[in-house]
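Chain letters run A, B, ... following the sequence lines, proteins first, then strands; residues in each count from 1.
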Amino acid sequence: MNVFKDLRTKVVAQLEAMVAAGEIPNGLDFSRVAAEPPRDPSHGDAATNAAMVLSKAAKMKPRDIADKLGARLETLDVVKSVEIAGPGFINLRLDHNFWFEQVSTILKAGRSYGDSDMGEGEKVNVEYVSANPTGPLTVGHARGAIVGDALASLLSKVGYDVCREYYINDAGNQVNVLANSAYLRYREALGEDIGEIPEGFYPGEYLKDVGKALVDRDGDKWLGKEESEWLSEVRKFAIDHLMLVIRDDLAALGVVMSLYSSERALVEAGGVDEVMTLLEENKLVYTGVLEPPKGKKPDEWEARPQTLFRSTDFGDDVDRPIKKSDGSWTYFAGDMAYHLDKYRRGFHNMINVWGADHGGYIKRMQSAVTAMTEGKGSLDVKVCQLVNLMRGGELVKMSKRSGNFITLRSVIDEVGKDVVRFIMLTRKNDASLDFDLEKVVEQSRDNPVFYVQYAHARSCSVLKHSLSEFPDLDLSIDALAKTDLSELNSDGELILIRKLCEWPRLLESAGEAHEPHRIAFYLYDLAAELHGLWTKGKDNARLRFIVSDDQELTQARMALVKATSMVIASGLEVFGIEPVEEMR
RNA sequence: GCACCCGUAGCUCAAUUGGAUAGAGCACUUGACUACGAAUCAAGAGGUUUCAGGUUCGAGUCCUGACGGGUGCACCA
């Protein structure tokens, strides 16, 4: 299905034949041999670096290998011509019919074109969002949620068995603060004047709902009681309530997790004790005193013995505490237990999507995974940089402290979930991103969401229109897939077809690199090819998609247009975005 | 002070994981609508890829060191 992969296989087969014929030495490593679309289209349809990569080990000049390999490749059916260029590239031009057949392949595959078995069904765990259950999601959470979600879809498309997981931090101090804040609102809901929300409590208005809901359920039974009596019950109630809010926010964004894992449940089930045992068995914990961090508040520093994990043995900068001075576990201890749990559930491949402020946490977590799994588990962390929310070029100010934050929900309501999703994927995850509420709904070329959707809508529009021009045109997939495309031999058409054929390859490399944003750039380029082709019909009526005196040609063009719209739809599907059939 | 991320056209960003002459959009200049959606397209101009070394057939990409920006730095989560 991936034409470049197939081509590479053919190249390697020829290399093996050359070994058999004694033209190159035995025992060469072919793993670096590649067949790729060249950057410069004048270099042909595909190029292989085989001669250059092998020249050293074979002790031959690249040109000599290239000449021999090129001659062999020229005998292949699909290869129209071969040229040796530059330092030893072998450029291949493929037969037009080969490309036309690919269009038919795309049509038959539809949105599943590009699906791959690269992952071989291996299990991968993608953990993302994992926002503390202390409030609704903010725009700050949106990027991680979308990057994680699209990455999960991407991996699933290229053949991995993906679990989308949310880790609920329901065991630390923050949820106690939450419980206290909720209790305050509970008293308020029962008619008490609670005045200003004191320092150290969550001020958000959304907690009023929690207070009222608790009254609805329990009446005044907690009123006037000691904190020790109501704390755990109110805490649970508030967390459950807010998790519903968060799930709802995620649903509005089109994110559906496979699994929500609770930190508290894991700790209570003894997960951390198990980790401790494991570490102790391997002599990876000890009691020690850390050096004070340099360049940061040395006055508050106080040397004290702590239970430490030897993370420096696994690449970390300092050993990390797993117990607090009061004897309770640190957050890190719970997180270790959580990752061990994931590993034991069969996820040797783990990916976490984190905010930029957690960058300093990566090494210790990776050390922990390496230590606990004896190097068999792998953890990749995708760090998402800040999103600058703007409106008409002006930065929208937010302050978490005062509770004055912009909710994710309000942004979705304003611009729509599909726009939010696409824009969040238009940058590498580790680069910061401007999100301008006005620009993202603009209908122009510099708004990629619009531009890509417009290409899809145009395709749908022309397909519809072709039927009014030729009422007996058969646009069924079967008919289109069988259409003779041999007249689609203009430069623009062939470029578009080749671009379509890059889709499977793009998916695999984006999947391998864990970089879903590449799809956004691909879709933009693909849309540009389609728009460009469209306008060529302005200069030359023969190049219009619908040629009013030539039904055969029109049918062929419709096959290409349909294939293009399918690939666009397929890409948008990975992003969780519905392609539109008309612009409004 | 240490660690991680980043540095590419005036601006916002790509660059097929080390490939050939570094590409798009915006802005600027010039052109294309009696025609399938001009919400679009074509062309021009714009670069010492922050700097200095190194690795090799070949470096924006890998290594070292500067410089500049961001983030984080014991018993928070």
Side-chain angles (χ1 to χ4, degrees), chain A residues 4 32 34 36-40 42-43 47 49 51-53 55-56 61-62 85-89 91 132 134 169 171-175 263 289-296 300-304 306-308 316-321 323-328 330-332 334-335 355-363 383 385-386 426-428 430-434 442-448 450-451 454-455 457-458 461-466 468-469 502 505-506 509 512-513 515 517-518 521 524-525 528 531-539 541 544-548 554 557 582-583:
Chain A
F4 297 98
R32 288 176 58 215
E36 305 173 322
R39 268 202 254 252
D40 184 342
S42 73
H43 292 144
N49 59 357
M52 292 174 298
V53 170
S55 103
K56 196 167 197 180
K61 285 183 189 157
F89 285 101
N91 294 333
N132 291 331
T134 55
N169 298 134
N173 254 327
Q174 299 191 13
V175 284
E263 178 187 6
V289 180
L290 290 174
E291 293 288 314
K294 285 177 184 168
K296 228 213 158 183
E300 285 175 31
W301 170 262
E302 168 190 338
R304 84 186 119 230
Q306 291 172 299
T307 306
L308 301 169
D316 202 359
D317 307 311
V318 290
D319 290 339
R320 304 292 180 177
K323 253 186 196 177
K324 301 182 200 167
S325 50
D326 66 359
S328 64
T330 59
Y331 176 78
F332 180 52
D335 220 359
D357 53 341
H358 286 64
Y361 198 74
I362 298 175
K363 275 192 186 177
V383 166
Q385 280 294 337
L386 229 63
T426 52
R427 292 282 178 270
K428 253 185 290 205
D430 50 12
S432 66
L433 177 145
D434 292 344
E442 227 168 64
Q443 304 202 329
S444 70
R445 180 164 189 166
D446 64 328
N447 177 5
F450 163 76
Y451 190 71
Y454 180 39
R458 258 188 161 173
S461 167
V462 73
L463 284 160
K464 217 177 299 170
H465 201 268
S466 71
S468 54
E469 198 86 11
E502 283 177 32
R505 177 184 144 82
L506 183 108
S509 59
E512 203 159 12
E515 291 185 350
H517 74 275
R518 294 187 193 191
F521 289 96
Y524 185 86
D525 287 347
H531 289 310
L533 204 52
W534 182 288
T535 309
K536 287 208 171 87
K538 301 278 179 200
D539 303 330
R544 296 180 63 189
F545 288 134
I546 298 168
V547 183
S548 45
T554 301
R557 296 249 160 86
E582 54 186 31
M583 309 304 294

What about the rings of A/H531 and A/Y454, do their centers lie closer together than 6.0 Å? yes

Using the C1' atom as the reference point in each nucleotide, state the distance between B/A24 and B/U49 in Å, no decimals. 16 Å

Nearest listed nucleotide, side chain of [X], among [options]:
X: A/Y331; options: B/A77, B/U40, B/G72; answer: B/A77
X: A/Q306; options: B/A74, B/C13, B/G19; answer: B/A74
X: A/Q174; options: B/G37, B/A77, B/U21; answer: B/A77

Geometric cation-pi criterion, A/R505 with A/F4: 6.0 Å, 45°: yes

Do any side-chain nitrogens or oxygens of [X] fall under 4.0 Å of OP1 or OP2 in [N]?
X: A/K56; N: B/C57; result: yes
X: A/K464; N: B/C36; result: no
X: A/K538; N: B/A38; result: yes
X: A/R544; N: B/C36; result: no
X: A/R557; N: B/C36; result: no
X: A/R32; N: B/G19; result: no
X: A/S461; N: B/G37; result: yes

Which part of the nucleic acid does A/S444 contact within heavy-atom distance under 4.0 Å: base, sugar-phosphate only, or nothing? sugar-phosphate

What does A/K428 touch in the nucleic acid at a heavy-atom separation under 4.0 angstrom: a base, only the sugar-phosphate, or nothing? sugar-phosphate

Indicate whether any N or O donor in one side chain lies under 3.5 Å from an N or O acceptor in the other, for A/D446 and A/Y451. no

Looking only at side-chain N and O atoms, does A/S42 offer a donor or acceptor that is under 3.5 Å from a partner on A/D40? yes

B/A20 pyrimidine/purine six-ring stacking with A/F89, under 5.5 Å and 30°: yes

Ring-on-base stacking between A/H358 and B/G72, under 5.5 Å between centres and under 30° between planes: is it there? no

